[in-house]
Amino acid sequence: MTVPALSLSDDQAAAFDTIAGVLQQVGVHLSDDMLTPPRSDDSQVLAVVGKAGSGKTLLLAELYKALEAAGVKIVSGDYEGRRKKDARTLSILAPTNKAASVLRNRGVPATTIHRILYTPVYDPDYERIAEWLTGQGDRPQIEGITDQALDRAMAFYQNNASVPGALASAGLRGSDFITGWKRREDPLDIGFIDESSMLDDKQFEDLKEIFPTLVLFGDPAQLAPVNQSGGMVFDRLPDPRRLVLNRVHRQTQDNPILDLAHALADPSLQFQDFEDMVRDAAARDDRVVMAQRVEADLMARSPVLVWRNATRVRLIQAFRSAFDAPAEELLEGEPLICDGIELPAKHRKKRLDLEARGLIKGAQVIYLGPGKRPGFSRLHVMGAPDPQFGAASIVKIEKPDEEDPFIPFAARMGATFLHGSAVTIHKAQGSQWDTVQVFAPDIYVAAKMGRTEAGTALWKRLAYVAITRAENKLHWVVRNRLAKPTAPLRVDDLRTAPAPFKLEVQGDEE
């Protein structure tokens, strides 16, 4: 089997060859770029597992390049035109927009699982533009769309391969060309799932129904979903179907953050020994900071990671107090976490609209200001391809020692949010930030309790997940203190979509 031009480690090359062999069995020949029609009776599930720095994402990217070079069509969830019956397709998915954006930043066209489970329904006129952009039709003539606008759309599509983005560059709003969403009826072909340690059993079963060939990429050292009893979906696969990457790659060596993460694998390591290692790393390398207090400035874009909900609530209140946020309203720039969508069944279309835009449970959001009607908010969904839009919102701010949250404002129904300046380590899985603050006293409490998960001390799993969320810098916070902010909250650093969709939920409709 031919290994890609990029030099892979031995375990990566072995995994590449195994996956290429499975793809060949289902008619995708990477060695000679030959594709044959899929066979409906073929069903394959494999997993590539490895700890942080073992090269899972690099391997996924190389497999994507090889499949695309072989002529496999990439299905991104933005737009699907007429598909030939025997065409071979690949979808690259992640559980959250933030996780998908990590892949997109590396040149891999990833989308969320939700965007594949549900597909957009295009207005017939504007679908003709989409067909032209994707090479499935002639250049159309649409009333109200100038030749210059079509040229802009084509130029955008050639650079970004996004149909919604191209239509937005032509001056169209999402509500102009997307009339609704529908549950996928026909299966696809090959699916790559990143951050698969986050999958629960129901999601796994849904994905197996859609993809006859499924490859999971996951980290066995992370925290399992809350309802999975400490296990992950790939744990049940037989050994030949679990491809393990052990080697830490050269580009991740000499990285003090990953060194600390891998040190947690030592079964004899105690919490105090680990904290001594953090202190030593901080003395040698400025990428690790032994912090005496939480930095309020960082919390606006990168939440403090905690274990206990009580700690999370106290830090949120300290953050709002530090920025002089009034109790009855939000400040522009305050971070939020989507906690779901509260809409009755008759508003299913609106729910799908919002979920497709990125408002799924756990999504990180920045509040941009009030909307045009009471209870409506302008929002920026972090990691979403088209991040800014308005929606009916229900904002809940929890307070210490109070059972019910305070609600500064709310529509009758819509997307619900908790404050996002501090989040639990469980909810942080799948996300990465340039700089991460980890609240060490919480992890110390977990260590004192002596709890285990899947045979590993819980505090080690918590510490591993928390510190590997940091891309470049780790603050290991050892004191229950908060540093005052050096500047007010801001929103001018957020990218503005070229023509943001207008998908406001009519929360006051009967």
Side-chain angles (χ1 to χ4, degrees), residues 19 22 40-51 56 60 75 77 90-100 103 110-119 181 183-244 337-341 345 348 351-352 355-356 358-363 423-431 451-456 458 461-462 464-465:
I19 295 169
V22 168
S40 59
D41 57 342
D42 289 322
S43 179
Q44 306 273 6
V45 179
L46 294 90
V48 177
V49 298
K51 292 186 178 180
K56 299 184 297 297
L60 186 156
V75 176
L90 168 68
S91 296
I92 303 169
L93 313 179
T96 66
N97 271 292
K98 198 75 168 65
L103 290 173
T111 189
T112 62
I113 293 170
H114 188 278
R115 286 296 294 266
I116 289 297
L117 291 176
Y118 294 93
T119 59
W181 302 82
R183 176 84 184 198
R184 180 176 296 280
E185 298 175 354
D186 298 324
L188 289 171
D189 190 358
I190 302 165
F192 289 173
I193 315 299
D194 198 25
E195 297 288 353
S196 61
S197 59
M198 299 173 66
L199 297 178
D200 59 30
D201 288 335
K202 183 180 185 308
Q203 289 173 315
F204 186 40
E205 293 302 318
D206 284 343
L207 290 167
K208 286 195 292 185
E209 288 182 9
I210 293 173
F211 297 103
T213 303
L214 196 60
V215 184
L216 311 176
F217 295 80
D219 186 337
Q222 292 201 31
L223 295 159
V226 175
N227 58 349
Q228 293 290 107
S229 302
M232 299 174 186
V233 295
F234 48 71
D235 290 337
R236 298 191 295 273
L237 296 178
D239 287 343
R241 294 286 165 174
R242 295 175 74 251
L243 313 175
V244 181
I337 296 291
C338 182
D339 198 41
I341 298 176
R348 180 174 177 272
R351 174 187 293 275
L352 296 181
E355 289 177 341
L359 284 183
I360 54 180
K361 195 175 180 70
V423 302
T424 62
I425 295 169
H426 269 95
K427 281 195 174 181
Q429 288 195 138
S431 297
R451 288 174 54 180
T452 62
E453 183 178 287
T456 300
L458 176 61
R461 283 189 176 268
L462 291 168
Y464 177 89
V465 171

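The structure presented is a predicted model; accordingly, all values stated were derived computationally and were not measured.
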For [X], enumerate each residue passing the side chain to side chain contact (heavy atoms under 4.5 Å, CB included) test, keeping only those at least two apart in sequence or located in another chain.
X     : answer
Ala47 : Val49, Leu216, Phe234, Leu237
Thr96 : Lys98, Ala99, Met198
Lys51 : Asp219, Ala221, His262, Ala265, Tyr464

Evaluate the side-chain proximity of [Y] to [X]: yes if any heavy-atom separation is below 4.5 Å, no if none is.
X      : Y      : value
Leu458 : Thr452 : no
Val75  : Ile116 : yes
Pro187 : Phe211 : no
Leu223 : Glu453 : yes
Thr111 : Ile92  : no
Leu93  : Thr112 : no
Leu199 : Ile113 : yes

Start with the C-alpha gap between Ile19 and Val215, add the side-chain angles, then the distance that decides, and say whether side chain to side chain contact (heavy atoms under 4.5 Å, CB included) holds.
-> CA-CA 8 Å; Ile19 295 169; Val215 184; 4.1 Å; yes

Please list, chain by chain and in numerical order, all residues satisfying ring pair (Phe, Tyr, Trp, His ring centres under 6.0 Å) with Phe217, sequence neighbours excluded.
->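 So Phe217 forms a ring pair (Phe, Tyr, Trp, His ring centres under 6.0 Å) with Phe192.
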
Give the minimum heavy-atom separation between [X] and [Y], together with the two atoms involved.
X      : Y      : result
Met232 : Ser197 : SD-CB, 3.5 Å
Leu188 : Pro212 : O-CD, 3.5 Å
Leu243 : Pro240 : CD2-O, 3.9 Å
Ala100 : Ala94  : N-CB, 3.6 Å

Can you list every pair that meets salt bridge (Lys or Arg N to Asp or Glu O under 4.0 Å) and has a residue in residues 203-213, with sequence neighbours left out?
->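 Checked against salt bridge (Lys or Arg N to Asp or Glu O under 4.0 Å) - neighbours excluded - the pairs reaching residues 203-213 are Arg183-Asp206, Lys202-Asp206, Glu205-Lys208.
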
CG on Leu462 to CZ on Arg451, rounded to 0.5 Å =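 Going from the CZ atom of Arg451 to the CG atom of Leu462 covers 8.5 Å.
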
Just how far is it from atom CD of Glu195 to atom CD of Gln429, taken to the nearest 0.5 Å?
->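 It comes to 7.5 Å.
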
Using side chain to side chain donor-acceptor pair (under 3.5 Å) as the criterion, list what pairs up with Arg241, not counting sequence neighbours.
->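 With neighbours one apart ignored, the set is Gln44.
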
Answer yes or no: is there a donor N or O on one side and an acceptor on the other, between the side chain of Lys427 and the main chain of Gly362, under 3.5 Å?
->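 Such a contact is absent between Lys427 side chain and Gly362 backbone.
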
Any chance you could lay out the side chain to side chain contact (heavy atoms under 4.5 Å, CB included) test for Phe204 and Ile193, step after step, and finish with the verdict?
-> CA-CA 10 Å; Phe204 186 40; Ile193 315 299; over 6 Å; no

